Structures are given as structure tokens and as C-alpha cells.
Amino acid sequence: MGSVAVCPGSFDPVTLGHLDIVTRGAKVFDRVIVSVLNNRSKNPLFSIDERVALLKETTAHLPNVEVDSFDGLLIEYVKNKQANAIIKGLRAVSDFEYELQMASINRKLDEDIETFFMMTNNQYSYLSSSIVKELAKYQASVTDLVPAQVETALLEKFK
Ligand code: ADP
């Protein structure tokens, strides 16, 4: 069996920061499954289907990347997919505490699934989906922050 990593997140919407992590992850793992968390407690701008569609379009050039969505416990999903790793991006120190907690609880649930962290590309260290939505809401340019398809989708949402 090759190495298979799940890259989970809200991706509401996918940004160049996410794509940087996915692209780098795809060089290290045989397969990467980017999976949209169906988290009902959040109030998303894009539906699950829209988020999956945008991810599919923007990762289509990466042959070993697939896109999916999931509900419930991440570790159960990872096991169902027969994956052996989780990849996450780290931006600031503020990401660290939460991610340490998640990685620790996930290891307790299944010690055979390892979490790998990649440091953000410096040019994206300030970038989050929330910032992008905030800018788009006030008609500020997001050209350097998201892929072209996402910019179009944002313009459509806020027009
Ligand atoms: P957000 O915090 O932007 O809502 P998600 O929940 O969609 O992000 O995040 C999915 C994963 O992508 C997380 O591991 C998160 O740390 C990572 N990530 C998000 N934005 C960036 C970025 N600009 N650089 C590196 N990693 C990032």
C-alpha cells in the first residue's frame, strides 16, 4: 500500500494558502485526499457541493489529488479511506495550540495514523478563508489570494 494522506478543512472557500499545502503534500505522499468537513455548527458561505466543485477545478492539474467531503470524526473517515496520514498547514503560533490538541486526540484514537504539519509559505501566512470573505464582501480585490475560479465565485455571491 502506498502512502495516502487526508488534508481536511472547511475550504470556505479554497485559497492559495490551501493550494500551496495540497501541492507540497502531493509531492511527498502517493495520494492526497482533500476533504471538506461538513461542519454544521459553522455558517458557511459556500455549500459543500460548491466547495468540493471549486477544489476539484483548482486541483485538476494534480494527478494524485482527489477531492471528497466528510461528516463526523476525522479519524474514522481517515480509516475508512485506508489512509495513514493527516496533513495540515500551520500559519501562526495561534494555530499551534489547537492543532496540537487535535493531533494528540487523534493519536489517542488511533496511534497508527500520523499527523504531518507543513509551515505556511511566508507569502500566505496571513491568509485565511475568513479574511478572503471579508475582503470580497466589501468589493476589495482578492486576485492574489485565491485562484481565478474562486474570485469569480466570490463576485457572484456578493454581487
Ligand atoms: P481556514 O482556517 O482558512 O478556515 P480551513 O479550516 O479550511 O482553514 O483549513 C484547512 C487547513 O489548511 C488547516 O490545516 C489550515 O491550517 C490550513 N491553512 C489554511 N490557510 C493556510 C495558509 N494560508 N497557509 C498554510 N496553511 C493554511
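Counting convention: from 1, in listed order, for ligands and their atoms alike. Here the structure is a predicted model, which means the values were calculated and not measured. Hydrogens, waters and symmetry mates are skipped; everything else that's a heavy atom, side chains included, is used. The residues of the chain are indexed from 1 along the displayed sequence.
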* Asked: Can K88 and D95 be counted as an ion pair, charged N to O under 4.0 angstrom?
  -> no

* Sort and list the pairs that fulfil ring-ring contact (aromatic ring centres under 6.0 Å, His included) and have at least one residue in residues 40-83, not counting sequence neighbours. => F70-Y77

* Structure fact -> Near ligand 1 (heavy atom, under 4.0 angstrom), the protein residues are P8, G9, S10, F11, G17, H18, I21, K88, G89, R91, T120, Y124, L127, S128, S129

* To do: Show which residues join F117 in its hydrophobic cluster (side-chain heavy-atom contacts under 4.5 Å, direct or indirect), or state none.
  => L90, M119

* To do: Look at K56 together with E66 and state whether they make a salt bridge at an N to O cut-off of under 4.0 Å.
  => no

* To do: Quick one: name the residues clustered hydrophobically with Y98, using the 4.5 Å side-chain heavy-atom rule over I, L, V, M, F, W, Y, and just say none if it's on its own.
  => M102

* Asked: Between N64 and F29, is there a donor-acceptor pair closer than 3.5 Å when you use the side chain of the first and the backbone of the second?
  -> yes

